[in-house]
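Below, read A as the first sequence line, B as the second, and so on, with proteins coming before strands; counting in each chain starts at 1. All figures in this text were calculated on a predicted structure; none of them were measured in a lab.
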Amino acid sequence: MTVKLEFAKSPLGGAKFGGTDKAVLIQEVPFTPGFDLRVNPDSPAFLAVVAALGLVLPTTVGKVARNNADCIVSEGEKPAENGISALTLGPDWWYLTGTADIQALLAPVQIAHHISLVDVSSQRTKIEIYGPSAKDVLSHYWEQDLRDEHFPIDACSQGLLAKAPLIMWHCCENCYLLFPRASFSRHLWTALTDASVEYL
Amino acid sequence: MANMTRRRTVELPDHPDFLWVADQKPKKAYDVIIIGAGGHGLATAYYLAKNHGITNVAVIEKGWLAGGNMGRNTTIIRSNYLWDESAGIYDHSLKLWENLEEEVGYEMFFSQRGVMTLAHSVSDVRSKQRNFYANHVNAVDSVWLTPEEVKEIAPIVNISEDIRYPVMGATFQPRGGIAKHDWVAWGYAKAAADMGVDIIQNCEVTGFKIVDGKVQGVKTTQGDIAANKVGMVAAGHTSVLAGMAGFDVPLQSRPLQALVSELNEQVLDTVIMSGAVHVYVSQAHKGELVMGAGTDSYNSYAQRGGFHVIEHQLAAACELFPIFERAHLLRTWGGIVDIAPDASPIIGLTPVENLFINSGWGTGGFKATPGSGWVMAATIANGEPDALAKPYALDRFISGHLIDEHGAAGVAH
Amino acid sequence: MSTVNFTFDGKQYSGEKGESLASALLRNGVVYFTDSSYKDRPRGVMGLWVEETNALVNVDSGAGEPLKPATTIELVEGLVVRSAQGVGDLPDTRDNSRYDKANRHVDVLVVGAGTSGLEAAKKFSDQGKSVIVMDDKPAAGGHLTYLGQPVPAELLAVLDRANVTYLPRTTVQGMYDQGYSVATERRTDHLDSNVHTEMSRIRTWHVRADHTVLATGAFQRHLVFANNDRPGIMLSHAAATYVSNGANPFNTAVVVTVDNQGYRDAIRLHKAGVKVAAVVDIRKKVSKATKKSSRKAIEALGIRLIKGATVVDTSANLVGILSSVTIGQAKSDLRETITADLLAISGGWTPVVHLATFIGIKPTWSEKRAAFVVKHHSQFVSTTGMLAGDFGDDDEPAVFFGPKLTAEQGLVAFVDYQRDATYRDFKRAIDAGMRSIEHVKRYTAIGTAHDQGKTSGTVTMGLIGQAIGKAPDEIGSLTFRPPYISIPFAALAGRDRGLLSDPERTTPIHSWHVASGAPMEDVGQWKRPWYFPKSGETMHAAVLRECAAVREGVGVMDASTLGKIDIQGKDAGQFLDMIYTNMFSTLKVGMSRYGLMCGIDGMVFDDGVTTRISENHWLMTTTTGGAAKVLDWLEEWLQTEWPHLEVYCTSVTEQISTVAIVGPKSRELMKRLAPSLDVSNESFAFMENKHADVAGVPARVARISFSGELAYEINVPAIYGLHIWESVMSQGADLNITPYGTETMHVLRAEKGFVIVGQETDGTQTPDDLDMNWIVSKKKDDFIGKRSFSRADTAREGRHQLVGILADDGSYVIPEGAYIVAGADANTPPPVKHIGYITSSYDSAALGRSFALALVANGLARKGEKIAIPMADRVVTGVITDSVFVDKENTRRDG
Amino acid sequence: MLHIPCPYCGPRDETEFHYGSEAHVAYPENSSNLTDEEWAKFVFIRSNPKGWMAERWVHSAGCRRWFNVWRNTINHEFGPSYKPFTQQPKSPA
């Protein structure tokens with residue numbers, strides 16, 4: 001669904017803190033499409049989903065498959081067209097995001113198979129945290145292991161950051177994408193920016 | 001080396017020269033055996049002797065006397081519970097507390113400094129007010145306080161509306177307060193021992209002797225001991241004992257943590273509880289802040305819990321009491337509390353004849369010590385539930401007549 | 001080293017930057033430090049580090065902190081401290097320092113940067129493991145500093161390796177399960193006050209290590225003899241270290257020892273210029289090696305050795321500072337007094353077993369080491385160095401805790417300095433029947449002060465053993481508990497202070513509510529507008545106005561916080577039939593139905609409206625507070641009981657923003673907002689859903705009413721929530737659109753007798769109790785909770801049931817929570833039998849009077865009965881009524 | 001803070017989970033045929049052993065899956081975790 005920008009407001013209004021020239025940059029990436037997909041990986045439905053998306057969904061929780069560059073670290077960089085990233089959140093649960101029309105791609109599968117595709121583009125906002133100190137900032141609140149060998153690029157995880165539930169995706173070098181529930185986004189912004197002060 | 005600003009710690013009086021026989025060995029048989037030399041077990045023995053003249057009693061303890069929850073709790077005493085059944089037993093207990101030091105002849109530092117329970121949201125105010133009115137019809141003393149009145153009684157409370165969960169009111173029970181736990185346990189122990197009760201430590205129960213559905217004694221690490229009647233008063237270990245006796249109890253054993261600060265000058269002379277942000281605190285006579293946290297969520301017999309529970313509690317404490325920011329956490333510890341599905345105790349008969357149970361006090365055991373001992377003694381002596389204990393029978397889980405004190409136990413106390 | 005100025009007890013001194021306050025005071029000749037907690041005995045510095053028992057101060061400069069050992073404070077310019085007497089001052093000012101936390105996962109955590117710790121770090125680093133070394137002191141070296149020896153450079157170099165992180169000033173405070181440790185790092189107190197203001201003062205580390213090496217070293221012990229507490233009496237390694245660093249107020253020393261450390265320290269004292277009058281060794285005979293290494297060495301320096309003797313008493317000068325030491329032979333009554341202003345005690349080592357015991361590892365007694373040691377190796381933890389009993393081969397301690405004391409001596413022979421607990425106190429405990437070390441501790445208060453028995457614990461255990469003739473391992477050591485050393489509360493709060501203390505959840509319309517000046521109600525973590533006062537308006541007036549506007553015109557409410565769960569799959573209807581008490585599988589597509597959920601105990605636990613979006617697609621709403629709980633509940637049944645059901649649940653609480661427009665004029669407003677939508681009753685029925693463009697964005701409009709009025713709920717993706725709200729406000733301006741908050745919502749629903757779970761319920765109500773028998777399906781074989789309805793108590797007559805209550809005085813709003821008695825009991829003083837309580841109570845614009853809902857025993861059969869409500873200052877009388885007060889016939893919902 | 005082995009996500013901090021008490025207590029097939037005693041046993045009785053216990057947790061802040069795991073209630077040691085409706089591993093005792 002295309003966003004009617006004249007009527008839309010993102011949870012953080014596209015806020016930005018720090019910079020690419022600093023130890024850390026934190027910014028909201030507004031209006032990022034997102035879908036919760038539920039499908040049994042052992043079912044024909046799964047094969048149909050993979051075929052429709054043209055992307056092999058990982059079946060190991062915490063892995064990301066993508067044909068898309070999803071962070072916009074440098075100003076003006078645009079995500080690839082018709083890209084999809086699939087974050088494996090549970091054994092039968094993926095978070096799909098990207099520029100492709102995911103809903104349209106999966107509409108035929110939904111009719112023929114038992115899957116659940118739910119538009120959660122408004123449910124979550126997307127916060128990008130980038131820079132040499134990004135990991136330090138996150139580790140003030142994130143209890144999971146962020147060492148690269150345990151949380152490499154294209155690993156994702158759900159957990160609590162400053163008590164707010166979110167999805168974290170190690171997107172590329174020194175760059176993490178956070179997908180918190182929208183209602184927590186203001187709280188999270190306060191927490192992240194406060195923890196960043198020491199590094200700026 | 002005079003210095004005007006230096007304050008000195010308050011010293012407590014000495015314990016008596018003699019308390020109980022060290023290394024007491026069990027006799028072959030007793031009229032009554034109480035399993036567990038915690039506060040409730042010792043109080044049961046005391047009231048068996050004092051109220052019912054039954055002195056051929058042994059209290060057997062697997063570790064050292066009062067080494068379980070009795071020595072690990074935050075010593076809050078109050079009776080402002082919601083349900084009539086609870087008001088009945090806890091207020092009976094509070095009345096006993098009010099004469100206990102004199103009766104037992106032991107200093108216990110029982111201090112009726114009042115217990116305040118804060119409300120932090122509209123719905124919190126509603127449920128606390130219900131509690132307040134319930135206390136009123138049950139003739140349990142209770143006062144409703146505005147935030148300003150809270151501040152008058154406890155000036156260190158932050159009643160600003162700008163904090164995350166502002167204080168919107170409070171119930172206050174003036175008769176509530178604290179006592180010093182070891183002194184209470186030792187007072188009961190000494191008084192019971194003086195009346196002829198044997199206190200046998202380092203004696204763990206390993207089984208029961210049950211013949212034709214009737215208990216005849218216990219097997220212990222110090223040998224078999226015969227008894228006409230046996231009372232299980234073993235707090236967190238009740239499930240284990242009930243298992244040995246062959247019946248189920250709807251109890252789960254959970255860690256309950258508490259902490260103390262170093263000694264500080266007196267800044268708080270009442271007890272403050274806040275279920276919504278999980279704080280309860282008092283300042284003991286010598287000046288340490290005594291605080292409790294909620295129970296950890298899982299079953300455990302390890303007498304330790306998670307540190308995040310402590311951290312959460314201290315964060316909440318700093319919000320409510322900014323003066324605590326610089327106070328020092330000195331010691332944390334955990335007890336094992338047994339919790340029933342309705343957060344109320346289980347007292348009375350068991351499927352085994354002459355075997356009695358007193359358990360499930362969860363986070364509320366200390367304040368109930370005298371009342372619990374009183375009704376347990378009566379139940380054992382008479383072979384039938386005491387009137388105040390009757391609603392707490394094991395069969396309430398079959399009928400569905402629960403006494404749901406989760407509201408009261410929302411924060412441990 | 002630079003010189004800095006500091007203030008102690010109001011007097012100015014100078015010292016070397018970075019040295020400990022204790023050292024600086026000794027350097028300035030301050031030996032008499034403070035008075036003891038209870039007995040006003042003069043006391044001086046005793047130890048070197050956190051084991052310090054006497055020299056506590058309240059720090060007034062910087063962030064300020066009560067009760068810190070002077071031995072652990074690093075000197076900085078402008079430090080201001082006051083000596084303390086065992087009790088801390090809590091300043092009544094906010095501590096505005098930053099505190100933070102950090103999480104760290106690592107292969108190996110090494111606790112202690114002494115030789116053993118560094119060796120362990122090297123070993124694991126060599127294996128390619130990531131290592132973090134935490135040490136509580138400002139510099140590495142550990143025990144070597146006690147020996148006055150330099151740390152080997154090749155070991156120190158380990159700390160610079162790429163796979164090794166070294167954190168000095170970092171105290172591991174607690175060890176927990178599965179390799180989890182908590183540490184605190186002191187980051188700024190040692191820095192000049194004007195730098196790094198954005199740095200946290202103390203950082204709490206949460207470390208997860210695959211393996212933890214405990215290399216925690218050992219404390220030195222004192223001995224228990226008469227007057228063993230005077231200023232000038234110190235642990236020998238402390239005295240030797242201070243003096244060697246030039247902090248030397250002493251002239252003549254006596255060293256009393258049970259091991260070879262006393263000899264090493266005698267030599268250091270001697271070399272630093274203190275005259276060592278004698279080394280007094282309780283050991284008559286020692287090994288050849290000791291003879292050679294220790295005894296020969298002091299004799300070579302001309303130091304007198306007294307064998308088989310110990311200190312039995314001391315004297316003081318007029319101020320209270322040590323002036324002489326009385327030596328007694330162990331096996332004779334010979335006494336000798338030696339003039340000395342320093343008595344250095346080496347009473348043996350006590351390994352720092354704390355962290356190991358926190359996770360349940362029991363120390364074992366080593367007769368050879370005269371100490372409790374922990375030799376342990378498991379998946380998560382291993383021990384090394386002095387903790388593991390590696391004292392070096394030449395230490396040879398005697399198991400000795402002090403000489404035999406007369407009753408009189410026992411009064412001034414201190415076991416625990418901070419608690420002023422004496423040998424007499426200890427002896428009384430034994431005589432009173434105390435045998436467990438825990439009982440002795442509680443009887444005497446030994447081990448309960450600031451140091452938590454770091455030096456006194458083993459001494460106490462030894463004394464108990466001597467007193468009752470048991471071996472130390474039969475007594476056991478004190479139980480230690482985290483934290484290892486005390487920590488300011490604020491440091492453990494970290495950033496969870498102020499608004500960050502708990503997340504605030506906000507809706508997309510929140511900024512509008514805030515701008516309008518609406519006070520917020522905390523509903524769980526959510527911030528919801530409570531009411532929207534006009535300038536100068538009271539809450540009561542605002543709510544009456546809002547209620548009237550809704551009943552007569554149109555109001556608008558932000559209902560975005562309601563929990564929402566998307567449910568998909570062909571078995572969803574069947575699933576909902578099990579979850580709700582009423583039937584859902586028969587619901588038509590496009591329609592909504594209200595449902596109640598019960599727990600397996602049959603008690604109501606949540607409610608809400610569920611909509612059938614399409615054949616296999618449903619949308620459930622839950623209470624605001626119940627959203628997470630309900631989703632967990634659904635998943636639990638699906639995953640653990642009915643995995644064969646084809647149903648998927650997805651939370652969409654924040655996906656959808658819900659704006660409710662409510663009141664007779666809502667149809668007109670809806671028409672304006674969605675011109676394409678036919679809003680007539682005929683084509684848009686009650687409980688029906690329609691998809692339409694609303695104010696330019698795609699929406700699902702539902703005709704659901706929680707007030708009894710004609711109402712529409714506009715559901716849009718949350719990014720449009722604010723737009724819809726603003727559109728409603730502008731399009732409804734001439735209809736006098738009135739925003740209302742949670743309070744008005746509560747009044748409106750109560751007027752209709754609609755319950756709120758958590759207000760009319762407390763976890764003990766069945767649907768029947770809520771007078772909602774109509775919602776309990778009689779057709780379904782089973783649903784969750786059904787079986788519990790037939791239990792004796794649940795099925796009995798006379799349960800509390802939902803009714804209305806009207807006070808006789810309609811201008812009086814009965815307090816919520818008030819208890820109700822029968823009218824006949826109006827004047828019975830408490831305790832009085834009650835028949836129920838008020839769940840909701842409001843003033844009503846529609847009724848022009850107050851009204852209430854209540855749960856009353858057998859209430860449905862008692863309508864019309866008189867009741868009374870006893871309160872502290874009055875008795876209110878009233879009557880039991882039906883629970884529906886407004887529009888009993890449901891005529892208003894269709895407008 | 002327990003480090004709980006989620007069979008899907010690996011070990012994670014306790015704060016991400018909710019506790020579900022004893023494992024393998026199934027909802028009775030024909031609840032209406034049960035006596036009040038039998039029903040009460042299902043509703044209220046859960047084992048509470050001192051030692052190894054097969055218990056349920058749900059990874060609420062993670063993959064949201066319920067699973068079973070062996071845990072020792074004396075020392076908080078974990079044994080194997082396993083998915084519902086799979087073969088229960090032997091007690092580590």
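The contact between C:Lys527 and chain B is made entirely by side chain atoms (from C-beta outward), counting heavy-atom distances below 4.5 Å. Looking at B:Val267, the atoms closer than 4.5 Å to chain C (heavy atoms on both sides) all sit in the side chain, from C-beta outward. Interface residue C:Ala63: only backbone heavy atoms are found under 4.5 Å from chain B. Contact of C:Pro91 with chain B is made through backbone and side chain together, with heavy-atom distances under 4.5 Å. Using a 4.5 Å cut-off between heavy atoms, C:Val832 contacts chain B through both its backbone and its side chain. Using a 4.5 Å cut-off between heavy atoms, B:Asp17 contacts chain C through both its backbone and its side chain. Residue B:Leu289 touches chain C through its side chain alone, counting heavy-atom pairs closer than 4.5 Å. With a 4.5 Å cut-off on non-hydrogen atoms, C:Glu816 touches chain B through its backbone and its side chain both. Both the backbone and the side chain of C:Gln525 come within contact range of chain B, with heavy atoms under 4.5 Å apart. When heavy atoms are compared at a cutoff of 4.5 Å, C:His450 approaches chain B by way of both its backbone and its side chain. In this structure, no portion of C:Ala429 lies under 4.5 Å from any heavy atom of chain B. At a 4.5 Å heavy-atom cutoff, the contact between C:Asp40 and chain B is made by backbone and side-chain atoms alike. When heavy atoms are compared at a cutoff of 4.5 Å, B:Asn135 does not approach chain C at all. Heavy atoms of C:Thr93 lying under 4.5 Å from chain B belong to its backbone as well as its side chain. With a threshold of 4.5 angstrom between heavy atoms, B:Ile163 does not approach chain C through any atom at all. Contacts between B:Trp186 and chain C at a heavy-atom distance below 4.5 Å involve the side chain alone, from C-beta outward. Only the backbone of C:Phe358 has a heavy atom closer than 4.5 Å to any heavy atom of chain B. Neither the backbone nor the side chain of C:Arg495 comes within contact range of chain B; no heavy atom of the residue lies under 4.5 Å from a heavy atom of that chain. Only the backbone of B:Asp162 comes within less than 4.5 Å of a heavy atom in chain C; its side chain stays farther off. Interface residue C:Thr794: backbone and side-chain heavy atoms are both found under 4.5 Å from chain B. At a 4.5 Å heavy-atom cutoff, the contact between B:Pro16 and chain C is made by backbone atoms alone. Heavy atoms closer than 4.5 Å to chain B are found in both the backbone and the side chain of C:Arg428.
Ring-centre distance between C:Tyr837 and B:Tyr133: not below the 6.0 Å cut-off.
For the set B:Leu314, B:Leu19, B:Leu330, the count of heavy-atom pairs under 4.5 angstrom toward chain C peaks at B:Leu330. The most heavy-atom pairs under 4.5 Å with chain C, out of B:Gly334, B:Ser127, B:Ala139, come from B:Ala139. No other option in B:Val21, B:Leu402, B:Ile398, B:Asp84 has as many heavy-atom pairs under 4.5 Å with chain C as B:Asp84. Counting heavy-atom pairs closer than 4.5 Å to chain B, the top-ranked of the candidates C:Arg435, C:Gln173, C:Lys833 is C:Arg435. Taking chain C as the reference chain and counting heavy-atom pairs below 4.5 Å, the highest number among B:Ser399, B:Gly71, B:Ala315 is found for B:Ser399. Chosen from B:His401, B:His120, B:Arg396, B:Arg331, the residue pairing most often with chain C at heavy-atom distances under 4.5 Å is B:Arg331.
Looking at heavy atoms from C-beta onward, B:Ser121 lies out of side-chain contact with C:Val523 at the 4.5 angstrom threshold. Using a 4.5 Å heavy-atom cutoff, the side chains of B:His136 and C:Pro830 are in contact. Taking the side chain as every heavy atom from C-beta outward, B:Asn138 and C:Tyr819 never approach each other to under 4.5 Å. Between B:Asp404 and C:Met603 there is no side-chain heavy-atom pair separated by less than 4.5 Å.
In terms of heavy atoms, C:Thr839 sits closest to B:Arg126 at O-CD, 3.7 Å. Among all heavy-atom pairs drawn from B:Glu265 and C:Leu90, the shortest one is OE2-N, 2.9 Å. Here the closest heavy-atom approach between residue C:Gly433 and residue B:Ala22 is recorded as O-CB, 3.5 Å. The heavy-atom pair separating B:Gln303 from C:Arg481 by the smallest distance is O-NH1, 3.3 Å. Closest of all the heavy-atom pairs between C:Phe489 and B:Ser261 is CZ-CB, 4.1 Å. Taking all atoms of both residues into account, the shortest heavy-atom contact from C:Arg94 to B:Cys318 is NH2-O, 4.1 Å.
A donor-acceptor pair under 3.5 Å links the side-chain atoms of B:Glu319 to the main chain of C:Gly498, judged by distance alone. Distance alone, capped at 3.5 Å, is enough to place a donor-acceptor pair between the B:Thr332 side chain and the C:Pro482 backbone. Under a 3.5 Å cut-off, the side chain of B:Arg326 and the backbone N or O of C:Gly64 do form a donor-acceptor pair. Of the possible polar contacts, none joining the C:Tyr443 side chain to the B:Asp14 backbone as a donor-acceptor pair under 3.5 Å is found.
A salt bridge links C:Asp522 with B:Arg164: the distance from a Lys NZ or Arg NE/NH1/NH2 to an Asp or Glu carboxylate oxygen falls below 4.0 Å. A salt bridge is defined here as a Lys NZ or Arg NE, NH1 or NH2 lying under 4.0 Å from an Asp or Glu carboxylate O, and C:Asp177 with B:Arg304 meets this definition.
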Given side-chain contact (heavy atoms from CB on, under 4.5 Å), test C:Met434 with B:His15 step by step and report yes or no.
CA-CA 11 Å; C:Met434 308 293 100; B:His15 284 288; over 6 Å; no
